[in-house]
Amino acid sequence: MEIISTVAGLREAVANARKDGKRIGLVPTMGALHDGHMSLVTKAKSDCEFVVVSVFVNPTQFNNPDDLRTYPRTVDADCARLEAAGVDVAFVPTVEEIYPEPDTRVFDLGPVAEVMEGAMRPGHFNGVAQIVSKLFAMVEPDKAYFGEKDYQQIAVIRRMATLEGFDIDIVDCPIKREADGLAMSSRNVRLSADQRAIAPQIHKELADSLDLVGKLEPGEVAAKVTERINAVPGMEVEYYQIVDAETLQPAADWSRPTVGCVTVWMGDVRLIDNIKYKAVAQA
């Protein structure tokens, strides 16, 4: 595996692979890799002959300076793990390499970026669009892989790709969970032992809500899930919304596939998760 820190070096490595007729897969990450990330790598390797994984904590998508400061950084361990997995290139640039000058682009990301995370974290998705568009332009991959834990982010990236004219297959991969149901996240390492013990309650309440589909309206289910999670000492729901799986706008009924997206604060750690609800026939 090559560890490359420059855009020029990355472009050269990818160009050589493409000359050899290899399909290029890209897995963008912010490092602190866990089994969820590695499941994306496994999928990329099954689809493509040449896999690039970026390890870069992107400052433009953090609207909270403390979150940027405390975000886990484990580059050496990440690279060792990627090499063991058979990745071809780990792209580990500096901020100056990615942003030699400020990126002032503002993307018209539309309604999918205005709700939930977009409402709670102003500027976050524009920063995501900035870095992912840069990586797409640098690598020009055939396929790019993203985890469904960041469900809304995938919709935003698809919108950005359409706006920018990228002909890239964006592959969304299932959430990877710990044995007790907690969605894998780089932020999980910041949980105390007591917090980690109760954190699986988030997924439990989401899973239990599947039984309420068709019995209550989406807004009522969202309110009940919020109430149940908030009843767990040490947890505070920032939002739980049940939205149309495609448009990400609030769901009025169950006639179309929907997704429930939640953000929960545990102390100063912000965790996200989601669950898919199937459409049911309306009476």
Side-chain angles (χ1 to χ4, degrees), residues 3-7 10 26-34 36-37 40 53-79 81-82 90-107 109 113-138 144-147 149-157 160 182-192 195-196 199 202 235-239 261-274:
I3 299 175
I4 295 175
S5 60
T6 67
V7 175
L10 175 64
L26 170 66
V27 182
T29 83
M30 293 206 299
L33 301 182
H34 50 67
H37 294 113
L40 306 185
V53 179
S54 62
V55 178
F56 178 68
V57 181
N58 174 45
T60 72
Q61 70 189 69
F62 286 83
N63 64 316
N64 181 341
D66 287 339
D67 194 20
L68 174 60
R69 179 179 54 79
T70 59
Y71 197 87
R73 291 165 170 83
T74 57
V75 173
D76 291 344
D78 292 344
C79 288
R81 193 164 191 180
L82 294 174
F91 180 49
V92 189
T94 62
V95 173
E96 292 73 23
E97 183 70 16
I98 295 294
Y99 299 108
E101 54 190 39
D103 191 338
T104 58
R105 292 176 298 162
V106 176
F107 294 83
L109 298 169
E114 294 169 0
V115 296
M116 298 185 295
E117 291 295 280
M120 297 297 175
R121 302 177 66 187
H124 166 65
F125 282 132
N126 197 72
V128 169
Q130 288 175 343
I131 183 57
V132 176
S133 65
K134 280 178 172 284
L135 291 170
F136 280 5
M138 294 169 190
Y145 298 81
F146 299 90
K149 182 172 71 70
D150 297 294
Y151 190 91
Q152 186 177 7
Q153 176 175 278
I154 296 174
V156 168
I157 289 168
M160 178 277 295
L182 178 64
M184 292 184 179
S185 169
S186 299
R187 291 183 170 89
N188 290 350
V189 300
R190 296 182 51 213
L191 296 172
S192 69
Q195 289 172 328
R196 177 62 186 84
I202 299 170
M235 287 190 180
E236 183 179 352
V237 174
E238 184 173 80
Y239 66 81
C261 299
V262 72
T263 294
V264 179
W265 284 97
M266 300 188 69
D268 63 351
V269 182
R270 186 176 187 271
L271 301 179
I272 67 172
D273 203 346
N274 62 71

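Just so it is clear, the structure is predicted and the values come from calculations on it, not from any experiment. The chain is numbered in sequence order, starting from 1.
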Heavy atoms, side chains only, cut-off 4.5 Å: are [X] and [Y] in contact?
{"X": "I202", "Y": "M235", "answer": "yes"}
{"X": "V92", "Y": "C79", "answer": "yes"}
{"X": "R270", "Y": "D67", "answer": "no"}
{"X": "L271", "Y": "N188", "answer": "yes"}
{"X": "T263", "Y": "M120", "answer": "no"}
{"X": "V115", "Y": "Y239", "answer": "no"}
{"X": "E117", "Y": "V128", "answer": "no"}
{"X": "V7", "Y": "K134", "answer": "no"}

For this session: Answer yes or no: does atom CG of D76 have more than 12 heavy-atom neighbours from other residues, nucleotides or ligands under 6.0 Å?
Result: no

Exercise. Does one side chain, of E97 or S5, offer a donor that lies under 3.5 Å from an acceptor on the other?
Worked result: no

Problem set entry | Donor on one side chain, acceptor on other, N58 and Y99, under 3.5 Å | yes

Please report the closest heavy-atom contact between [X] and [Y], naming both atoms and the distance.
{"X": "Q195", "Y": "G267", "value": "NE2-N, 3.7 Å"}
{"X": "R81", "Y": "L33", "value": "NH1-O, 3.3 Å"}
{"X": "Q130", "Y": "S133", "value": "O-OG, 2.9 Å"}

For this session: Please say which of T29, V95, L135, T94 ends up in a side-chain contact (heavy atoms from CB on, under 4.5 Å) with F56.
Result: V95

Exercise. Which residues pass the side chain to side chain donor-acceptor pair (under 3.5 Å) test with N126, sequence neighbours left out?
Worked result: none

Exercise. Is a side-chain N or O of R73 found less than 3.5 angstrom from the main chain of G31, in a donor-acceptor match?
Worked result: no

Exercise. So, the side chain of Q152 versus the backbone of F125: is there a donor-acceptor pair under 3.5 Å, distance only?
Worked result: no

Exercise. In chain order, what residues pass the ring-ring contact (aromatic ring centres under 6.0 Å, His included) check against F107, with sequence neighbours excluded?
Worked result: none

